[in-house]
Structures are given as C-alpha cells and as structure tokens.
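Note: hydrogens, waters and symmetry copies are ignored here, and every other heavy atom, side chains too, is used. All ligand and atom numbering here is 1-based and tracks the order in the structure.
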Amino acid sequence: MMSQKKIFLILVAVSTVSLLLHQGGHLSWTMEVFRMNCPSLNPPQTSTTFKHTNVVFLKTHKTASSTVQNIFFRFAERNNLTVALPVTHCDHQFCYPRIFSSHFVHPHTMPPNIVTSHLRFSRSELQRIMPNNTIYITILREPGAMFESLFSYYNQYCDTFKRVPNGSLEAFLDNPWAYYRPQEKDSMYARNTLTFDLGGDKDRPSADVVRYAKRFAAEVEYVFSLVMIAEYFDESLVLLRHLLSWDLEDVLYIKQNMRMPSSKGNLSEAQLGKIREWNAIDAMLYDHFNASLWRQLNELGLACVAREVKLLRRAQEQMIRSCFGGNLPQLRSAAEITNKELRPWQPSSKVAIVGYDLPVNASKESGMSKDMCLKMIMPEVQYSKQLLHVQMLRYRSRYFLNNVLKPSGQHQQPTGSILRHSVTPGRSPRARSFHQTRQVGSHN
Ligand SMILES: *[C@@H]1O[C@H](CO)[C@@H](O)[C@H](O)[C@H]1NC(C)=O
Ligand SMILES: *[C@@H]1O[C@H](CO)[C@@H](O)[C@H](O)[C@H]1NC(C)=O
Ligand SMILES: *[C@@H]1O[C@H](CO)[C@@H](O)[C@H](O)[C@H]1NC(C)=O
Ligand SMILES: *[C@@H]1O[C@H](CO)[C@@H](O)[C@H](O)[C@H]1NC(C)=O
Ligand SMILES: *[C@@H]1O[C@H](CO)[C@@H](O)[C@H](O)[C@H]1NC(C)=O
Ligand SMILES: *[C@@H]1O[C@H](CO)[C@@H](O)[C@H](O)[C@H]1NC(C)=O
C-alpha cells in the first residue's frame, strides 16, 4: 500500500518531468550547461561585465581568415569601434609583404581598437599603435590543404608557380628548387607562408629548421593568446568567444572567399609528405598549435565545446533563414556576381573563387537588418572601403568637436572593453534578437 504522501511525491515528480519535457523544444542552453557544469554561455556579470574590444587578428593567407575578419568588421561596426585600415598606397593590405609599420595605418583610423587586414607581423610596430591590453589572435591551416590552395590560387600570380609546366603541383613538388627563388617578389606564397606572415624566416637553412621552428613556435605562443585552427573552425570560435567574453551572436558567420569545390585537388600521402618537407617550419607550427588548441578545448570540456558548437550552428541556420529566407544566398563564381559590392577579388580568371549574390527578396520583417545580412557576405575589399568611409566621417566630426568647438578637448582613447548588455538569466540565447548586440555599452 502506498501512502498518500508517496503518491503525492510521485505526482509532483511526474508533473515536473513532463513540464520539462514539454519545454524540451526550447529547453534553454543555459540550463543544459548548468547541468553539465559548462562555463556559462554568458559569462557572469560580476567577473566579466565587459567584452574585449582591443584585438589584433593576424590575417594569414588561405586559412579561412577572411571569415574571421568579417566577424571582426561586423563587431566593430555594431559597436562603433575603430578598425585600423591601410593608407591608400598600401591597397587594402598594410603594404604586405613589407613588414608592418605604423606608418601604413590611415591616420583617420587612429587610434584603433581592431587590426585585422593582411600584414606581415611586427609586434613592436603594432605595440606603437595598439593599447597595451590588446589581445593577439591568429589562425593556421593544415599545411597540405593550405599549400594546395596557395598553389592553385596564386597559379597565375606568383612567379614561382608560373614557371611550373602545366601548372602541375606534382611537377613542383618533385623539384621545388627548380622554380623557387627565395628573394623574388611574391615568393612568400610558395614556401612557409604562415611563418612569413607571422614575421618569421621562411628560408631557414635545413640544418637549423627544427631548432628555429621550436623557438619560433614558443615566441608565437608568448604573443598570441589564441591560435585558431581552420580545420576546427567552430571549435576555435568557441575559444575566441570565451577569450573575448563575447556573445554567441557576435561570432555568427557565413564562409567567405572559398573556391568552387570542383577546383580543389586531392593529395596523395606522398604529396602531403613533400609539402610538409618543403614547408617544414609551417608544418611544425601547425602541429604545435593544433596540439595547444586541443589542450585548450579539453580544458573547457569537450562536451561543453560540442554543445556550444551545436548552438552556434543552430543560431547560424536561424540567421540564414532570417536573412536569406532559408537557403544560403546562391554561391556563384566571382565572374558571375552582378552586384559589385559582393564580387570577391580573384588572382586570375582560372581560379573559381565563389561569392554570394543576394536574393532579390531577402526577408525584411526578420530580426536582422538587410544591411547586416549584406555585410555577412560582403568581401573584404568592399567592406574595407565602406568602413574607411564611415570612419573618416566619424574622425572628421570628432576632430571638429575637439578642435573647433572645444579647443581644449582631449581625444578619446579606446578603453579596451565595452559593457555587455543585460542578460535575463535562463532566457534562451536563441530567443534574443540579433539586434540586441547593438545595445552593447548603452545599458547596465
Ligand atoms: C554608434 O554611433 C551612432 C552614431 O554616432 C550612435 O547613434 C549609436 O548609438 C552608437 N552605437 C553604439 C553601440 O555606441
Ligand atoms: C597600460 O597603459 C596604461 C595607460 O596608458 C598604464 O597606466 C598601464 O600601467 C599600462 N599597463 C602595462 C601593463 O603596461
Ligand atoms: C604538359 O602537358 C602536355 C600536354 O597535355 C604533355 O604533353 C606534357 O608532357 C606535360 N608536361 C609535363 C612536364 O607534365
Ligand atoms: C577529390 O575527391 C573528391 C571526393 O573524394 C571528388 O569529388 C573530387 O572530384 C576530387 N577532385 C579532384 C581534382 O580529383
Ligand atoms: C589535431 O590534433 C588532434 C588532437 O591531437 C588530432 O586528433 C588531429 O588529428 C590533429 N589534426 C590534424 C589535421 O593534424
Ligand atoms: C521570393 O523568393 C521566393 C523563392 O525564390 C519566391 O517564391 C517568391 O515569389 C519571392 N517573393 C517575392 C515577393 O518576390
């Protein structure tokens, strides 16, 4: 015989469980995280009330870095941050492949919060323009896929590759020294490109390579708080988000600057071996930082990371639905894209770089503004130009305020962080509108 008390308790338990099940669809991620002891999706307000805003993202070549750059551009724009942009004669890169100099920065984009355009890394020169609480981040890619991508992308652009008969990767790898000249213009696309971008020596004599690579990896690790890995892009974004105390909405993205799948090659084991040998410093850097990425992911907890990745992808799908009505905007080869604002730069007509064309009737009543949807898929050259334009206007109005209206006024210095918006505990992050990030800094 069951006592009434027991029956009552069972009833309470059953209804609690059914209530939870009923809510299953939108069982908030915060609750799941709580159960799993994951770090909160929105860091506790007491310890990290601020989002970090002073960041150098070293944009490396052919590593999905355009996608990360686009994330930083949009974050900067939403939060009125200043993005350092190159002076006109540097083109849209900081006079790459020259080593970075503070003179390459457009004066109307000073003092910056964020640096994210291509440059060859120099810590001391960046320190001259960046606040001392700046966080350094970069991204690497597996050397085989990376080199295959460089070889095909710069096939008609880089002299080393132009010399190779029939544009054959096989032929190049059989005897790279027959085509490669270390001192030649654009030679950095043909060997240890990541090492070069990071400011290192791509042509270290082979007897010294191992010692040099170890020392160089240690230097990079000392300066960069996070080295993302392209093969684990979403997992890297989770680490990025935690490092900067950003919201999930801040790291939503659509892949940028890709090739048509048909123009990608497949590598044999032998080719991969040759590529790693030819790019030995890059290969060692990659292995080092892939290992440290996984160490960091383990520290966060792989189950927690997996959940957050899942949530990111869900939010991404929702964003795509809201921006483009369900499907991604159509992938087109760059040559076919009619909207000039959306056509990516191509090194040659032979490389099928794809971009997006906006559907004519992209949803309007959705949470995201048409402008923000457009920016998601806007290639870097066009986006850089727009940002420069906006920042020049802002610079002039500030200059006018400071020097004409209030001659004694001080110029504003970047503080390094902005206030987070208030977060209602237990509210599903998915339910929050993308617009809310716009309020960063104005509340709480
Ligand atoms: C950004 O600047 C614009 C124009 O000056 C202003 O209206 C807006 O509130 C600012 N947004 C934030 C997040 O500071
Ligand atoms: C960073 O700069 C601020 C002001 O410019 C200064 O007060 C502070 O001591 C510096 N911190 C470090 C670690 O150099
Ligand atoms: C280049 O292609 C031509 C014709 O396709 C072929 O005859 C020749 O052997 C190739 N050369 C090399 C070095 O592969
Ligand atoms: C590479 O392999 C994929 C599938 O494994 C195939 O679809 C693609 O056509 C191959 N590419 C080349 C260039 O052989
Ligand atoms: C990266 O490191 C992980 C963990 O050690 C390993 O499983 C994976 O194979 C590595 N990835 C590559 C592309 O080397
Ligand atoms: C929007 O696009 C969809 C799918 O292409 C189409 O069915 C629909 O008629 C379009 N609506 C308008 C108002 O153009």
Self-check item: Residues forming a side-chain hydrogen bond (donor to acceptor under 3.5 Å, both in side chains) with Asp203, sequence neighbours excluded
Solution: Tyr180, Arg191
Practice problem: Run through Phe94, Tyr136, Phe57 and flag the one making a side-chain contact (heavy atoms from CB on, under 4.5 Å) with Val115. | Solution: Phe94
Measure from every N or O atom of ligand 5 to the protein's N or O atoms and keep only the pairs below 3.5 Å, writing each with atom names and distance to 0.1 Å.
unit_1   : atom_1 : unit_2 : atom_2 : d
ligand 5 : 2 (O)  : Asn290 : OD1    : 3.4
ligand 5 : 2 (O)  : Asn290 : ND2    : 2.3
ligand 5 : 11 (N) : Tyr232 : OH     : 2.8
ligand 5 : 11 (N) : Asn290 : ND2    : 3.0

Exercise. Provide the full list of salt bridge (Lys or Arg N to Asp or Glu O under 4.0 Å) pairs with a residue in residues 154-163, sequence neighbours left out, each pair given once.
Key: Asp159-Lys162, Arg163-Glu184
Quiz item: What pairs meet the salt bridge (Lys or Arg N to Asp or Glu O under 4.0 Å) rule with one or both residues in residues 273-288, with sequence neighbours excluded?
Solution: Asp174-Lys274, Arg276-Asp287
Quiz item: Between Glu125 and Arg128, is there a side-chain N and carboxylate O pair less than 4.0 Å apart?
Solution: yes
Exercise. State whether Lys59 and Asp197 are salt-bridged, where the test is any N-O pair (Lys NZ or Arg NE/NH1/NH2 against Asp/Glu carboxylate O) under 4.0 Å.
Key: no
